[in-house]
Amino acid sequence: MKMTKEGMGDEAMKKSLFYRAKKMPPSAQIMLLFAVEGVFLQYITSINGFGLNLYATNMGATDSQIGIIQMVPNIVACAALLPLGILADHLKSTKTIPLLTLLMMCAGYAFLGSVPVLGERRMDLFFVSLAFTAGALAIYNAQWQAMFGAAVSLRQRNDVYAFRNQFMFVIGIFAPVICGILMGRCHTADGKLLVLRSFFYLSAVCVLLQAAAIKKIPVKQQEEGKASAEAGNASSRFSVSDLLEAITSVGKNKALRWFFVPVVFFYITWQLDWSMWYLGQVKYCKMSEMTLSICNGVFNIGQLAAVGMIAKVVRKKSPDFALIFAGIGLCFCPVIMILVPHLPLAYRGVTFIVLMTVLNAPQCAVALCTVQILLNAAPEKNRSLLISLFTMMTTLTNSVLPLLGVRLYTALGADLTALYRFNLIDLGVRILSTLGLIWRYQKAKKRWLSDKDFGLRWAVKAENNIYNRNDIVYDKCGFLCTYGKEKRKKEFKQ
């Protein structure tokens with residue numbers, strides 16, 4: 001029987017990934033679509049992290065301009081996060097802002113790929129393009145968290161997020177390595193720029209595919225919830241009271257306060273050496289583009305191997321406990337940066353990659369745990385605005401601290417001794433931030449052990465802001481209850 005063109009089109013559609021995802025059970029469908037979205041997002045993030053500094057370097061950027069690379073897009077993101085967070089809380093669907101942001105990023109990456117051919121003003125235009133690429137990406141990540149909370153139930157969040165991250169780390173391994181190998185084959189700055197331009201053009205295509213995956217993700221739970229009495233009474237117009245209420249709730253709400261203070265300080269200590277990391281690799285470890293790409297790929301292999309273990313720790317303990325491992329790993333990174341320049345030049349790159357891979361493996365806990373802790377602490381009302389507020393704070397620190405790290409290094413002498421002194425300062429503040437995370441967890445642990453009345457009985461009564469969602473119990477400070485399922489059943493019977 002001869003098949004018509006319409007029939008051939010129907011068969012092709014049935015073989016497509018998105019069509020098959022639509023026929024899956026809802027839980028599997030959500031998990032797969034978030035994994036597809038994460039693959040394209042990770043490609044873009046990997047090329048940003050690996051390529052932007054090299055892109056600027058091959059266009060003739062100075063050390064100060066390298067520090068500004070983190071600053072410019074983050075300032076743009078800070079200016080837009082709160083208005084967009086307020087707008088998102090008044091829209092019917094939490095997918096609207098992420099989709100619009102992705103469309104803007106598509107145009108931004110197409111423009112970024114064309115910057116090197118724009119003449120003498122190309123460095124100025126490079127920083128302008130960062131606002132529509134890396135800046136828009138920060139906005140997308142903030143609004144993605146609100147969409148994730150609306151689309152995925154509390155019980156599924158850890159599994160869906162861990163499954164998504166496993167695919168993301170795989171892309172994070174290959175994308176920078178392939179880019180670095182191609183750049184290593186080029187012997188001129190123009191040739192290296194051509195490679196990076198191709199990868200940025202491909203980023204524009206990946207953004208469109210990412211938008212297609214986002215569009216297919218069902219968020220009926222959030223859309224129906226917007227009509228509830230708690231979150232649906234706000235008008236579609238801007239309200240200053242919403243902003244003031246969200247800001248004051250950080251000080252009044254114990255769950256939010258216990259989240260914001262230690263976690264934001266952790267981010268501050270984490271971001272301080274981001275630009276110095278690149279300068280240390282290039283200036284003192286003498287890494288080439290290929291070595292840098294291998295370094296990024298191996299780091300992602302370590303995180304891919306660790307994400308499953310971190311997810312198990314989250315299930316058995318809590319996201320708060322798992323985040324401590326990321327803090328401990330960060331404490332040792334400045335120590336390695338101090339020791340590696342003492343080694344013979346031939347061994348510096350290999351030693352750096354091996355040791356930093358081990359220490360960076362627990363960093364997958366930052367992405368895996370921070371989102372869950374914030375969603376657990378943030379109430380339904382003004383959730384998008386609170387997420388935007390947190391992202392704005394970390395984005396603002398990210399815009400200042402990498403440049404501050406470079407300026408501190410320059411003030412100390414901009415030499416090898418200055419590198420040692422800078423990393424000693426970085427080590428001190430990271431120890432303090434890790435102690436803060438440990439204190440946060442210990443405070444919660446004492447609360448669990450001392451409160452004999454805490455259990456499923458109180459959760460069912462929903463008193464004192466204690467709540468139970470899908471058999472997972474959180475206390476009024478937003479901490480995951482460590483009571484076992486059987487113990488909670490016995491308490492409920494009593």
Side-chain angles (χ1 to χ4, degrees), residues 33-49 52 69-85 87-89 94-106 108-109 130-152 157 160-162 164-165 167-169 171-172 203 206-207 209-211 213-214 217 219 259-260 263-264 266-267 270-271 274 303 326 363-375 378 383-399 402:
L33 289 173
F34 270 115
V36 172
E37 176 268 338
V39 165
F40 295 123
L41 176 66
Q42 183 59 45
Y43 171 80
I44 298 166
T45 305
S46 297
I47 296 303
N48 277 356
L52 287 178
I69 289 176
Q70 293 287 340
M71 183 177 182
V72 172
N74 290 327
I75 290 177
V76 174
C78 287
L81 277 170
L82 281 180
L84 289 176
L87 178 63
D89 275 324
T94 54
K95 295 192 295 186
T96 304
I97 299 297
L99 286 172
L100 292 176
T101 306
L102 290 173
L103 293 177
M104 183 172 64
M105 287 169 59
C106 177
Y109 278 107
L130 290 181
F132 298 97
T133 53
L137 183 61
I139 297 170
Y140 172 82
N141 286 331
Q143 294 304 317
W144 179 90
Q145 295 177 52
M147 184 190 69
F148 180 76
V152 184
R157 284 175 190 167
V160 173
Y161 205 73
R164 174 180 182 263
N165 280 9
F167 284 90
M168 291 175 68
F169 288 132
I171 299 300
S203 295
C206 288
V207 166
L209 297 175
Q210 185 179 349
I214 287 290
I217 295 176
V219 289
F259 169 80
F260 269 82
V263 174
V264 169
F266 168 78
Y267 268 83
W270 183 29
Q271 296 163 348
W274 282 11
Q303 294 190 20
Q363 299 311 306
C364 61
V366 178
L368 184 63
C369 300
T370 305
V371 174
Q372 297 187 62
I373 297 172
L374 178 56
L375 290 174
R383 171 177 283 181
S384 295
L385 184 55
L386 287 167
I387 292 173
S388 295
L389 182 63
F390 168 70
T391 308
M392 188 194 72
M393 294 175 68
T394 55
T395 302
L396 181 62
T397 57
N398 190 19
S399 66

Report summary line: Note: Thr101 and Ala136 closest approach over all heavy atoms is CG2-O, 3.1 Å
Query raised in the report: Do the non-hydrogen side-chain atoms of Phe266 and Thr394 ever get within less than 4.5 Å of each other?
Result: no
Query raised in the report: So Leu100 and Gln143, side-chain contact (heavy atoms from CB on, under 4.5 Å) or not? Walk me through it.
Result: CA-CA 11 Å; Leu100 292 176; Gln143 294 304 317; over 6 Å; no
Query - Atom pair CD1/CG of Ile97 and Leu102 - distance to nearest 0.5 Å - result: 11.5 Å
**Report entry** Minimum heavy-atom distance Leu137-Met105, with the two atoms named
**Finding:** CD1-CE, 3.8 Å
Query raised in the report: How would you list, by chain and number, every residue that makes a ring-ring contact (aromatic ring centres under 6.0 Å, His included) with Tyr267, sequence neighbours excluded?
Result: Trp270, Phe390
Query - Any residue meeting side chain to side chain donor-acceptor pair (under 3.5 Å) with Asn141, in chain and number order, not counting sequence neighbours - result: none
Report task. For Val160, enumerate each residue passing the side-chain contact (heavy atoms from CB on, under 4.5 Å) test, keeping only those at least two apart in sequence or located in another chain. Result -> Met31, Phe34, Phe148, Val152, Gln156
Report task. Would you sort out whether Met168 and Thr45 count as a side-chain contact (heavy atoms from CB on, under 4.5 Å), showing the intermediate values? Result -> CA-CA 10 Å; Met168 291 175 68; Thr45 305; 5.9 Å; no
Report task. Using the test side-chain contact (heavy atoms from CB on, under 4.5 Å), find all partners of Ser46 that sit at least two apart in sequence or belong to another chain. Result -> Gln42, Ala175, Pro176
Query - side chain to side chain donor-acceptor pair (under 3.5 Å) involving Trp144 - partner list, sequence neighbours excluded - result: Glu37
**Report entry** Closest non-hydrogen atom pair, Val76 against Ala131
**Finding:** CG2-CB, 3.6 Å
Query - Heavy-atom closest pair, residues Ala134 and Leu52 - result: CB-CD1, 4.5 Å
Query raised in the report: With side chains defined as the heavy atoms from C-beta onward, is the minimum distance between Tyr43 and Leu209 less than 4.5 Å?
Result: no
Query raised in the report: Nearest heavy-atom pair of Ala326 and Val366: which atoms, and what distance?
Result: CB-CG2, 3.8 Å
Query - side chain to side chain donor-acceptor pair (under 3.5 Å) against Thr397, all qualifying residues, sequence neighbours excluded - result: Gln271
Report summary line: Distance col, row Thr96:OG1 vs Met147:CE, nearest 0.5 angstrom, shows 11.0 Å
Report summary line: Between the CZ atom in Phe132 and the CD1 atom in Ile139, the distance rounded to the nearest 0.5 Å is 10.0 Å
Report task. Determine the minimum heavy-atom distance between Gln210 and Ile44, stating which atoms define it. Result -> OE1-CD1, 3.5 Å
Report task. Verify side-chain contact (heavy atoms from CB on, under 4.5 Å) between Tyr140 and Val207, making sure each step is shown before the conclusion. Result -> CA-CA 11 Å; Tyr140 172 82; Val207 166; over 6 Å; no
